Every structure is written in structure tokens, then in C-alpha cells.
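Report on the following structure.
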Amino acid sequence: QVQLVESGGGLVQPGGSLRLSCLASGNNFNLMAWYRQAPGKEREWVAHIARSGVTMYSDSAKGRFTISNDNAKTTVYLQMNSLKPEDTAIYFCNVLTGGRRYWGQGTQVTVSS
């Protein structure tokens with residue numbers, strides 16, 4: 001069983017930045033990703049980083065967000081810059097290993113003046 005613990009969410013003004021972290025129990029994951037769910041909307045993929053280090057981003061995240069992980073590949077980060085009110089959501093960490101996906105409990109990000 002993989003445990004995921006997110007942190008780093010909070011309230012930020014439009015144009016501001018936040019860095020989310022997700023600490024995973026274990027390592028050697030095939031994929032580490034961030035998803036988000038805004039009020040009244042379905043959960044959507046934001047970005048992922050493969051074991052190889054290759055990264056991919058949703059159109060809404062491209063150019064503003066950066067996903068990375070630490071050398072041990074137990075922590076995945078999401079650096080979010082130029083935040084907009086529409087980025088307001090609960091952000092979830094997700095990892096893929098052994099053919100299974102695991103989810104964290106989420107961290108709230110609110111972008112508001």
C-alpha cells in the first residue's frame with residue numbers, strides 16, 4: 001500500500017505562486033502526477049513526470065506550472081506560477097506503480113484577491 005501526503009496548498013492572490021509537495025511511501029514509481037478538482041467539476045489531470053524524467057502538462061498548466069521530483073523520487077513537486085482564479089481547486093497527488101494508481105487526500109489551492 002502506497003501512502004501519499006500532499007502539502008503546500010493555501011490562499012494566494014492572482015499572479016502569485018505556490019509550490020505543492022507530495023511525499024510518497026516507497027519509490028520507483030512508473031509515473032507521478034498531479035490532478036485537480038474544482039468545485040462542481042470533474043477531476044482533471046494537470047501534469048505528470050515519468051520515471052525517465054519526461055514531463056507532460058495539460059494545456060492550462062503549460063508554461064506556468066513545473067512538475068519535478070527529488071533525487072530519491074519519493075517526493076513530487078508542483079511549482080505553480082502566475083496563478084489565476086480558475087486554478088482554484090483541490091490538488092491531488094497520484095502515483096502509478098505495479099499497475100495500480102494511488103491517490104493522496106488532496107490539498108486546497110485558492111486563488112483570490
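The structure presented is a predicted model; accordingly, all values stated were derived computationally and were not measured.
With sequence neighbours excluded, the residues that form a side chain to side chain contact (heavy atoms under 4.5 Å, CB included) with T74 are L23, N27, D70, A72. Not counting sequence neighbours, the partners of R19 by the side chain to side chain contact (heavy atoms under 4.5 Å, CB included) test are Y77, Q79. Judged as a salt bridge (charged side-chain N to carboxylate O under 4.0 Å, His left out), and not counting sequence neighbours, K41 has no contacts. By the side chain to side chain donor-acceptor pair (under 3.5 Å) test, N69 pairs with no residue at all, sequence neighbours left out. The side chain to side chain contact (heavy atoms under 4.5 Å, CB included) search around E86 returns K84, not counting sequence neighbours. Every residue two or more places apart in sequence or in another chain that forms a side chain to side chain donor-acceptor pair (under 3.5 Å) with S58 is listed here: S60. In this structure S113 satisfies the side chain to side chain contact (heavy atoms under 4.5 Å, CB included) test together with P14, sequence neighbours excluded.
F65 pairs in a side-chain contact (heavy atoms from CB on, under 4.5 Å) with only one of the listed residues (L20, L18, N81, V46), which is V46. Here the options are H48, R101, R43, the test is side chain to side chain donor-acceptor pair (under 3.5 Å), and the partner is N94; only R101 passes.
Residues Y57 and L83 are members of one and the same hydrophobic cluster, defined by side-chain heavy-atom contacts under 4.5 angstrom among Ile, Leu, Val, Met, Phe, Trp and Tyr.
Among pairs with a residue in residues 89-113, those fulfilling ring-ring contact (aromatic ring centres under 6.0 Å, His included) read Y35-W103, at least two apart in sequence or across chains. Applying the disulfide (SG to SG under 2.5 Å) test to residues at least two apart or on different chains, the pairs with a partner in residues 34-96 are C22-C93. Annotation: side chain to side chain donor-acceptor pair (under 3.5 Å) contacts involving residues 3-12, sequence neighbours excluded, are absent. Residue pairs meeting the disulfide (SG to SG under 2.5 Å) criterion with at least one partner in residues 53-92, sequence neighbours excluded, are absent.
The distance from atom CD1 of I90 to atom CD of Q37, rounded to the nearest 0.5 Å, is 7.0 Å. In this structure, CG on L31 lies 10.0 Å from CE on M56, to the nearest 0.5 angstrom. To the nearest 0.5 angstrom, L96 atom CG is 5.0 Å from N30 atom CG. If you take CD on Q108 and OG1 on T88, they are separated by 7.5 Å, rounding to the nearest 0.5 Å.
Pairing each heavy atom of A24 with each of L4, the nearest pair is CB-CD2, 3.4 Å.
Residues D87 and R64 have side chains in contact (heavy-atom distance under 4.5 Å, counting atoms from C-beta outward). Within the 4.5 Å cutoff, no side-chain heavy atoms of S17 are placed close to those of V12. A 4.5 Å side-chain heavy-atom check between V76 and I67 finds at least one atom pair inside the cut-off.
Other members of a hydrophobic cluster containing V5 are absent, since no ILVMFWY side chain comes under 4.5 Å of it, directly or through relayed contacts.
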